[in-house]
Enquirer: 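The structure under discussion is supplied below as structure tokens; questions concerning it will follow.
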Amino acid sequence: MTKPVRRLQKPVAIMAAAATPCAHLQSAESSAIQTVEHEILGGCVIDAMAASGLDKSQIDSLVFTTPRTYTKQRYFGTFMANYLRISCSGVVMEVLGNGMTGGLAFDQAVLQIASGAADVALCLGISMETGIDRSAHLAYQMRTNGDVDFHAPFGLTPRAWYGLDAARYAHESGATREQLAAIAVKSYANGVLNPLATRRERYTLDQVLSHPPISEGMGLLEFSAPADGAVCLVLTTEDIAKSRGRPYVLVRSRGFHHAGMHEISEVPDDMLAFTAAARAAADAYESAGVTAQDVDVAELYAASTIIEALVSEAVGLVPRGQGAAAAAAGETSIGGRIPVNTSGGLIARGHPAYVTPLYGVVELFDQLRGASGPRQVKDAGIGIMLSELGNFSGASVHVLEGVR
Amino acid sequence: MTLAIIRKTGARPYPPRLTEFTATFWNELANGRFMLSRCGDCSHRSFPPKKICPICWSRKIGWVEHDGRGVVYSHALVHAAPAYFQNELPFRVCVIDLVEGPRMATRLIDATADNLFGAAVRLVTLQYDDGALFAARPG
């Protein structure tokens, strides 16, 4: 049986984007004056809509990322529809799916346009976690990544799983500590150039290596930077985008795969293959009629150096076992063969988890319109955005193309 | 009894929940027996134990003992963890493949060798004051 190539029913355009810097936006609970979610996100909506040149009466759909549990206002989507007085006949919804939340929200907004349910859809959300106790957050994460009863009792946190990946990777590929750490050095070099980045400081290889170890030798600077953030994207039909007479970015295709596992499969497999990412990417490339070689710039969801190495391999940007070595050789740097995470990625730009993939779209929106300033990848035409959940049990990929 | 039982003082740092179904696993673990759920229709053995066969969706589930022998697929030394585990840092976690059995993740204790990939391990019972956990150790 030949597998059908699934294509979007209709072209979808990203017309505008607005985002806060990834930063400490959330106030401590004890603070007399609070920062609140709707006031922050509301500003992004106004900015994004102004940049799109559209009127709020044209908005058909609002697709929100669900705020983290640490955000006080719940049923946030319908609350925001009132706060901004936007009435909709497409959909008003919140999307949730671990770290993939932003990727799934983007996907749902794309499908609103592609299906004809909406001509204009906002994909938007806010993610805050810096105002809460860090160790409480670590304990919460243990309940999300793995099995509460059969993994958590052993202290299997996300960082522990990354350590298991890193150790196996070093064993199989011969990648060195220095090569992995080079991914962090590259991330910080990009972050310095990104006004949205939370860690805007250069670090040398020695500095990265000298930070306290967290998991399997990987130090503090090799993991994602906790941050808050808010993003609003304006999606439309290509006809509407064209009619504005400004550069826009086309969503060429989508790919998704869940491997039917959660962190680990009891059936022994190749843990480093990231099968879900490989399949989601293969489907997205096929649907767009491109190959991995056509990709000019990639925003990949990678909360640690090891994950960037592995996922850049899984989506075909570098050969198997070469992810860390390629980064160390400068291949994934701006100006290199295939720049990865020009935004600084989760490590330097920061990781407001539930909207992180939307920041990936923001970066590609700029790159593919030639609007990335000192971070600009020369002649960037095709970009991919990938998000994932649970050590790549599932992955979502979108192929984007600039239209200037 | 096939698993060595190691006595630990105090309570488990993050105790698992027991269900009527999984109580069999934890009770047998306390006796030094490592049980896998086994499908009565397709013979698939699961870990963690499941009331429904994940492969064929049969509800005909029984139990079968595993001798706890396995090999290390990966292992990692962890230096940062939630408050529950502060007293145990650093600790080593592992992914092991039980011989002709499922892959699983747990703690790796008493590991001294530099290269443990593919090394033989055996599961042990850690008997705390409030109940049992398991771990792997070389041997």
Enquirer: With the side chain counted from C-beta on, respond yes when Ile264(A) and Val95(B) share a heavy-atom pair under 4.5 Å apart, and no when they do not.
Expert: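 Result yes, sub-4.5 Å side-chain heavy-atom pair found.
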
Enquirer: Do Met104(B) and His151(A) have side chains that get closer than 4.5 Å, going by heavy atoms?
Expert: no

Enquirer: For the residue pair Phe47(B) and Phe150(A), is the inter-centroid distance of their aromatic rings smaller than 6.0 Å?
Expert: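 Ring centres of Phe150(A) and Phe47(B) closer than 6.0 Å.
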
Enquirer: Output the residues of residues 127-139 of chain B for which the shortest heavy-atom distance to chain A is under 4.5 Å, in residue-number order; output 'none' if no such residue exists.
Expert: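 From residues 127-139 of chain B, the residues near chain A are Leu133(B), Phe134(B).
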
Enquirer: Quick one: salt bridge (Lys or Arg N to Asp or Glu O under 4.0 Å) partners of Glu263(A), sequence neighbours excluded?
Expert: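 Residues passing salt bridge (Lys or Arg N to Asp or Glu O under 4.0 Å) with Glu263(A): none at all.
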
Enquirer: More than 12 non-hydrogen atoms from neighbouring residues, nucleotides or ligands closer than 6.0 Å to CZ on Arg320(A), yes or no?
Expert: yes

Enquirer: Under 3.5 Å, side chain of Glu266(A) to main-chain N/O of Arg103(B), donor-acceptor pair present?
Expert: no

Enquirer: Below 4.5 Å, heavy-atom pairs only: which of Pro153(A), Ser135(A), Ser215(A) has the largest tally toward chain B?
Expert: Pro153(A)

Enquirer: Just so I understand: if I count every heavy-atom pair under 4.5 Å between each of His79(B), His44(B), Glu88(B) and chain A, which residue has the most?
Expert: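 Going by pairs under 4.5 Å, I would pick His79(B).
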
Enquirer: Heavy-atom cut-off 4.5 Å, strictly under: side chain, backbone, both or neither for Pro90(B) against chain A?
Expert: neither

Enquirer: Which one wins on heavy-atom pair count under 4.5 Å against chain B: Ser265(A), Pro268(A), Ala152(A), Ala139(A)?
Expert: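 Sorted descending by pairs with chain B, the first entry is Pro268(A).
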
Enquirer: For chain A, which residues from residues 7-19 of chain B lie under 4.5 Å away (heavy-atom distances)?
Expert: Tyr14(B), Pro16(B), Arg17(B)

Enquirer: Under 4.5 Å from any heavy atom of chain B, what part of Met271(A) do you find: side chain, backbone, both or neither?
Expert: both

Enquirer: Which heavy atom of Glu216(A) sits nearest to which heavy atom of Arg92(B), and what is that distance?
Expert: OE1-NH1, 4.2 Å

Enquirer: Quick check for you: among Ile55(B), Val72(B), Thr106(B), Asp97(B), which has the greatest number of heavy-atom pairs under 4.5 Å with chain A?
Expert: Thr106(B)

Enquirer: Side chain, backbone, both or neither: which part of Tyr84(B) has a non-hydrogen atom closer than 4.5 Å to chain A?
Expert: side chain

Enquirer: Return the option, out of Gly101(B), Ala105(B), Ala80(B), Pro102(B), with the maximum number of heavy-atom pairs under 4.5 Å with chain A.
Expert: Ala105(B)

Enquirer: Among residues 155-180 of chain A, which ones touch chain B with a heavy-atom distance under 4.5 Å?
Expert: Gly155(A), Leu156(A), Thr157(A), Ala160(A), Trp161(A), Gly163(A), Leu164(A), Ala167(A), Arg168(A), His171(A), Glu172(A)

